[in-house]
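Every chain is numbered from 1 and lettered A, B, ... according to where its sequence line falls, protein lines coming before strand lines.
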There are 4 protein chains.
Amino acid sequence: MSAIFSITKHRIDALNDGVFAIAMTILVLEVKVPDIADRTSVSALLHAIMHHMDVIIAYFLSFTMLGLFWVWHHRLSSKVREINFAILIWSFVFLSLVCFFPFAAAVFGRYVLAGNVGGLLVYLPTVFLILLSQTMYFRTAMKNGLLHAEVSEKEQRSAHRHNMLWTGLFTLSCVPAALAAGLTAAITVAVVAIGFLWRSFAWR
Amino acid sequence: MSAIFSITKHRIDALNDGVFAIAMTILVLEVKVPDIADRTSVSALLHAIMHHMDVIIAYFLSFTMLGLFWVWHHRLSSKVREINFAILIWSFVFLSLVCFFPFAAAVFGRYVLAGNVGGLLVYLPTVFLILLSQTMYFRTAMKNGLLHAEVSEKEQRSAHRHNMLWTGLFTLSCVPAALAAGLTAAITVAVVAIGFLWRSFAWR
Amino acid sequence: MSAIFSITKHRIDALNDGVFAIAMTILVLEVKVPDIADRTSVSALLHAIMHHMDVIIAYFLSFTMLGLFWVWHHRLSSKVREINFAILIWSFVFLSLVCFFPFAAAVFGRYVLAGNVGGLLVYLPTVFLILLSQTMYFRTAMKNGLLHAEVSEKEQRSAHRHNMLWTGLFTLSCVPAALAAGLTAAITVAVVAIGFLWRSFAWR
Amino acid sequence: MSAIFSITKHRIDALNDGVFAIAMTILVLEVKVPDIADRTSVSALLHAIMHHMDVIIAYFLSFTMLGLFWVWHHRLSSKVREINFAILIWSFVFLSLVCFFPFAAAVFGRYVLAGNVGGLLVYLPTVFLILLSQTMYFRTAMKNGLLHAEVSEKEQRSAHRHNMLWTGLFTLSCVPAALAAGLTAAITVAVVAIGFLWRSFAWR
């Protein structure tokens, strides 16, 4: 059983890398080749691409986000020795959100950059859930004693506190955007942010 | 020969993980970014996305299905030591159906959720064939003595019985949907379901 | 140098598996979800999907082709110990054609099944070039002494003869289709086929 | 820490191969299946595909570019022993540009081949940035002493000089195209090219 699940760790890493590679590449499908009336006009093409610049910037921004998630997840998962059922669930929740990210990025590129703050109400919750699922992934590994022996208890705590700190800071930065969905939403977001930050500092 | 095929096991696992990673990510391409008339209207965008909610739910549902298939297949394939020609065939049948799954999921998301039960006549048979090909994959490995030595005969039987049990239960749950294709279809499905369940309990 | 290139072998296998996994999955994108006027009509949906059946069959056929290429290439590449520049070139020619295959398969599904034999003039040459690049890949490895030591000379020759035999037989089977492009094309194809078959039998 | 980052090397290679495999396969999505009025007309289909020939050539050209990048990057990264934060950044810059390449290739295929030199102003800068990020990747590894011990200092310098030489030669070849964007652009490009070439020859 344990042997089987430790193989799972190796295989789920491969699945993970595959999903990230594809999600990153799919982002570029949103950068559409412009269609211009006069196919041979240099200035029309350059104008169309300049007009496109916001979508291109959104692509690099979203790529950076996925890159950060990958590095963060990699650093957490490299501390994990073995996988049990609960960690498997969190891994798949994480993966399903990473796969969902290109949709959120597309909404971001098409609406938020056009000044429609409503698009953030898809983008930011997706990012929040990715951060949350990573935090829960590591917390579960820690609580179930499935980390590598060489990861000291102090290191574990520090990593978990960092996870909560960043999730909290990100959530706090979402309060202004949440106002677009009403005051109740903004207050809820603020409370969640404070919860994470408080847990991060109080947690031992 | 044997050495070559045992490498195949390793390589076919990689192919398998790649296919799953892509199938999972392709699911999200069905979640189209809504096109709204007034690009800057927050409420119009939120309304459009709310309208979209069923497609988003269908995405997470189909992702969960693929996740379950992956975990199940991984647990079966981790018991397999070596691959022969028959297992190779079943592996590819399985893979071709996994690759086909995003199409079935798209039909599901666009029609079943809109109340058209006809879409189930694509989705459910695809899932059934995936379950069947996994069951046959493991059965072939078992019959040809290609499992790892440390997998006891009792474990083998238990795994195979489980495969048949779940395939049977799933088939049974399809009887109501099969009624949409007529009484004969429903009876056929019921007979197949009972066949699997009977084999699962009677099999030693 | 040699150490670096033997790593390349491992990495190019990974690239290879990735490309196959994606090409296989991309095939399904040609199977479009049908658009029907009355979204809730069960019979209209089933009718539309039945109409679609040829595209679905084409999908499984093309998947089988890719599966055969993968298995064949895997059996050849598992005999290769090291990679030099010439083999690298043939590997990439092979990969570029595998990536191109989904386009050929789409032409096949949309035109050949609709009775337009012209589509074969894209599909069959692509398959031929895939077979040719595999044959050349192995021939180059053999001529440069880059196969594993445990592969006996007899095995090498047998594998190469098989490659040429199958390429020849496939080419021969293309003669009728080549007639659609004129008599000269058909004769050229026949000559190439006979060349491969002759080499296969005469080769020592 | 060091142990964790040396795993990263292995994992980032996997991510890298995945991204290349997908970018290569995505290129073919630009080769659209032609739509012809009379579906059964052989000559109309062949005519449409001949008309398409430039897009097909562009596909193989762009594939070759990605193949060259892959081989080059592989040869550089196989000399790297360990990864630090700066190298990680350059790896992701490189990956984001590789993922972006299919867009540049699509612009190339649709406009440059139709005689619109403006498309080069997307394609060439993308290629330049890919070359630059590879050069910086290796330079960073060299400056931080993160190369394998068996790579002699002479080999390191030679590799770095080659990187700069090729980047310089490529940049020089872009001067005519840069003229399309005005004289200032052409002069800037020429200066950058000379800078690289000078560094390549003067560097020790």
Side-chain angles (χ1 to χ4, degrees), chain B residues 1 3-8 10-27 29-30 83 85 88-89 91-93 95-122 125-126 129 177 179-182, chain C residues 10 13-36 38-50 52-53 55-57 59-71 73-80 102 148 150-151 155 159:
Chain B
M1 193 71 170
I4 289 169
F5 268 122
S6 71
I7 305 173
T8 305
H10 174 80
R11 291 280 303 269
I12 219 168
D13 284 353
L15 188 71
N16 198 67
D17 288 347
V19 162
F20 265 98
I22 301 151
M24 282 166 170
T25 327
I26 272 184
L27 291 177
L29 296 182
E30 258 310 293
I83 279 181
F85 187 70
L88 201 66
I89 298 289
S91 294
F92 273 100
V93 170
L95 279 186
S96 74
L97 293 161
V98 169
C99 284
F100 188 70
F101 187 76
F103 167 72
V107 171
F108 183 86
R110 219 175 293 174
Y111 289 106
V112 178
L113 293 178
N116 190 334
V117 83
L120 286 174
L121 302 180
V122 174
T126 304
L129 289 173
L179 275 169
Chain C
H10 174 81
D13 284 352
L15 187 71
N16 198 67
D17 289 347
V19 162
F20 265 98
I22 301 150
M24 283 166 169
T25 328
I26 272 183
L27 291 177
V28 91
L29 296 183
E30 258 310 292
V31 188
K32 300 278 192 313
V33 178
D35 254 323
I36 56 176
D38 178 8
R39 276 207 150 198
T40 55
S41 159
V42 173
S43 66
L45 179 59
L46 293 185
H47 185 81
I49 285 169
M50 276 302 141
H52 237 57
M53 208 36 96
V55 183
I56 293 178
I57 289 168
Y59 160 76
F60 282 103
L61 210 132
S62 294
F63 192 96
T64 308
M65 294 297 281
L66 281 181
L68 287 173
F69 298 152
W70 188 86
V71 171
H73 182 72
H74 172 58
R75 297 199 66 170
L76 293 180
S77 86
S78 70
K79 294 192 176 67
V80 174
H148 280 297
E150 57 261 42
V151 184
E155 259 186 282

*Side chain, backbone, both or neither: which part of Leu15(B) has an atom under 4.5 Å from a heavy atom of chain C?*
both

_Contacting moiety of Ser62(C), where chain B heavy atoms sit under 4.5 Å_ =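 Interface part for Ser62(C): neither.
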
*Of the backbone (N, CA, C, O) and the side chain (C-beta and beyond), which part of Ile22(C) lies under 4.5 Å from a heavy atom of chain B, both, or neither?*
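For Ile22(C), the contact with chain B is made by backbone and side chain together.
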
*Using a cut-off of 6.0 Å, state whether more than 12 heavy atoms not belonging to His47(C) lie near its atom NE2.*
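No, NE2 of His47(C) has 12 or fewer neighbouring heavy atoms, counting only those of other groups under 6.0 Å.
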
*asked:* So which residue, Ile26(C), Leu29(C), Ile56(C), ends up with the most heavy-atom pairs under 4.5 Å with chain B?
replied: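 Maximum pair count with chain B is reached by Ile56(C).
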
Under 3.5 Å, side-chain donor or acceptor atoms of residues 108-122 of chain B against the rest of the protein: list the pairs with distances, not counting sequence neighbours.
residue	atom	partner	partner atom	Å
Arg110(B)	NH2	Glu30(B)	OE1	3.2
Arg110(B)	NH2	Glu30(B)	OE2	3.1
Tyr111(B)	OH	Pro34(C)	O	2.4
Tyr111(B)	OH	Ile36(C)	N	3.3
Asn116(B)	OD1	Gly118(B)	N	2.9
Asn116(B)	ND2	Arg39(C)	O	2.9
Asn116(B)	ND2	Ser41(C)	O	3.0

*For Tyr59(C) and Val31(C), indicate whether the former's side chain and the latter's backbone hold a donor-acceptor pair under 3.5 Å.*
no

*asked:* Please tell me whether Asn16(C) and Trp70(C) have a donor and an acceptor in their side chains that are separated by less than 3.5 angstrom.
replied: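 The answer is no; no qualifying pair exists.
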
